[in-house]
2 protein chains.
Amino acid sequence: MSPRIGLDLPTLVRATAQLADEKGLREVTLATVAKYLNIRSPSLYNHVDGLPGLRNELAIYGLEQLYSQLEAAVTISADSAKEPILAMAEAYVHFARTRPGLYEATLQAPDSQNERLIRWSNDTITLVARLLAPYELDELNLIHAVRGLRSLMHGFVAIEHAGGFGLPVNLNESFASVIEVYLAGLPRLKQQNE
Amino acid sequence: MSPRIGLDLPTLVRATAQLADEKGLREVTLATVAKYLNIRSPSLYNHVDGLPGLRNELAIYGLEQLYSQLEAAVTISADSAKEPILAMAEAYVHFARTRPGLYEATLQAPDSQNERLIRWSNDTITLVARLLAPYELDELNLIHAVRGLRSLMHGFVAIEHAGGFGLPVNLNESFASVIEVYLAGLPRLKQQNE
DNA sequence: TTCAAAAACTAATGATGTTAGTTTTATTAT
DNA sequence: ATAATAAAACTAACATCATTAGTTTTTGAA
């Protein structure tokens, strides 16, 4: 009832992630992955449902890794409201930079309705929401704020990765500035009525 | 010295853009474009340098269209500092939503060093910077602020397009909130010294 | 030792990008 | 009008890719 333990899914996904980081996500094909593993590409179908299935697994793995990085970064400090958020945001950028292919895969899942994928996304969202608690926002504005932070973080790393920030101005300074400015504006969401 | 005017580059690029919007950028191949134009795919090489060349032209065209949409949206109002920025930002989202394939192409140019591409990007950046003039930021902080707005706008539409905003909360309200919060935080960049 | 099931394989198919070489055709110059 | 030119379309061919079907191998359980 359980024969031939050769490849297994985690190994396959990790290898795929490494290849994505090294060569770029676009170079991740069944052919290149199979070659990397010294296997024929049809054999991959024993572990994964074709290329879309592999990309889906990659996205899920990426979201899991991203979440664990963010969580690890947060528990370090817990003083001001701002500091843990900045630590989390910097962990986010660090992840996107050190694992560019894997990060890119997280937002390109062929099946965005996948259960595990949604679960990891929700965990990340909950993490961010928890960090925003000190701002004492109502439910709706908290959602707006989480969306804002996610947009800032993803937008920044995506544009950076595409080479869209051309000017010779330090990127880390820009990123910190951008997050701090957003946080500085957050109190605005507390005392408005309409 | 000029024979057989069949296809020309603008027609090819516009057709490619339409196909990208309808079927998704990933479906844009030399084969599908050629089929769409009732042509054999090798003929496309008379106008464009393979698939990378076509994607590059698409990116340039997309940046040009995006810029013109933003410019058109801005000149409408000019009262407060906030209003034109919101108008611009909403034009940005509108463009990304109505031309999803073309928008997606703008940040995936195979040659990010292309001259025309850089020119349109710079024009857009200049446009945003001009809108931020009322905040009276010094040169460095102005760059941070432009990067912040771009990150917000792109991040939001990218996550939205990926289906990343799952909760049943109005997206337009979130977007307006996110922009307004960032703008509300901008004065913070004026009176800090370090 | 037998057997079933999973994992690897080979072979084949269709679609893709690309190159090389050929044919067609509109414009220009005679 | 006619001939020459040059661009644009074509056909043929090849390598690469994803995928399916069917076969062989191998491991763990009966």
Side-chain angles (χ1 to χ4, degrees), chain A residues 1-61 101 104-105 108-112 114, chain B residues 1-61 101 104-105 108-112 114:
Chain A
M1 199 181 172
S2 59
R4 248 223 216 196
I5 352 164
L7 245 193
D8 61 347
L9 187 57
T11 305
L12 169 56
V13 173
R14 270 193 290 267
T16 305
Q18 193 168 336
L19 228 151
D21 290 333
E22 287 171 4
K23 315 274 186 180
L25 186 58
R26 187 166 283 110
E27 299 301 314
V28 171
T29 67
L30 292 188
T32 57
V33 172
K35 208 164 293 172
Y36 187 78
L37 293 168
N38 287 315
I39 264 185
R40 313 293 159 183
S41 59
S43 306
L44 295 172
Y45 285 79
N46 287 318
H47 302 277
V48 105
D49 192 11
L51 184 57
L54 180 57
R55 294 180 72 110
N56 229 37
E57 292 297 331
L58 190 64
I60 294 166
Y61 174 65
E104 201 180 347
Q108 297 196 23
D111 174 19
S112 64
N114 179 284
Chain B
M1 200 182 173
S2 58
R4 248 226 213 193
I5 350 166
L7 244 192
D8 61 348
L9 186 57
T11 305
L12 169 56
V13 173
R14 270 193 291 267
T16 305
Q18 193 169 337
L19 229 151
D21 291 333
E22 287 171 4
K23 316 274 186 182
L25 185 58
R26 188 167 282 112
E27 299 301 314
V28 171
T29 67
L30 292 188
T32 58
V33 172
K35 209 165 290 174
Y36 187 77
L37 293 168
N38 287 314
I39 262 185
R40 313 294 157 182
S41 60
S43 306
L44 294 172
Y45 285 77
N46 287 319
H47 301 277
V48 106
D49 192 9
L51 184 58
L54 180 57
R55 294 180 72 110
N56 230 35
E57 291 297 330
L58 190 63
I60 294 166
Y61 174 65
E104 201 180 346
Q108 298 197 23
D111 174 20
S112 63
N114 179 283

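Chain letters run A, B, ... following the sequence lines, proteins first and then strands; every chain starts at 1.
Separating the CG atom of A:Leu9 from the P atom of C:dA6 is a distance of 15 Å, rounded to the nearest angstrom. Atom NE2 of B:His47 and atom C1' of D:dA6 are 14 Å apart (whole Å). Straight-line distance from the CG atom of B:Leu12 to the P atom of D:dA8: 12 Å, rounded to whole Å.
Annotation: the span from A:Glu27 atom CD to A:Leu19 atom CG amounts to 9.0 Å, rounded to 0.5 Å. The OG1 atom of A:Thr16 sits 4.0 Å away from atom CG of A:Leu54, with the distance rounded to the nearest 0.5 Å. Taking CZ from A:Arg55 and CG from A:Asp111, the interatomic distance works out to 13.5 Å, rounded to the nearest 0.5 Å. For the atom pair A:Tyr36 OH and A:Gln18 CD, the distance stands at 3.5 Å (nearest 0.5 Å). Note that CZ of A:Arg26 is 5.5 Å distant from CD of B:Gln108, once rounded to the nearest 0.5 Å.
The local environment of CG in B:Asp49 is sparse, with at most 12 non-hydrogen atoms from other residues, nucleotides or ligands closer than 6.0 Å.
Contacts with DNA chain D (heavy atom under 4.0 Å) in residues 17-30 of chain B: none are found. Across residues 34-46 of chain A, A:Ser41, A:Pro42, A:Tyr45 each have a non-hydrogen atom less than 4.0 Å from an atom of DNA chain D (numbered order).
Of the N and O atoms on the side chains of A:Asp8 and A:Thr11, at least one donor lies less than 3.5 Å from an acceptor on the other residue.
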**OP:** Using the side-chain contact (heavy atoms from CB on, under 4.5 Å) rule, take B:Ile39 and B:Val33 through it: C-alpha gap first, then chi angles, then the decisive distance, then the call.
**Re:** CA-CA 8 Å; B:Ile39 262 185; B:Val33 172; over 6 Å; no
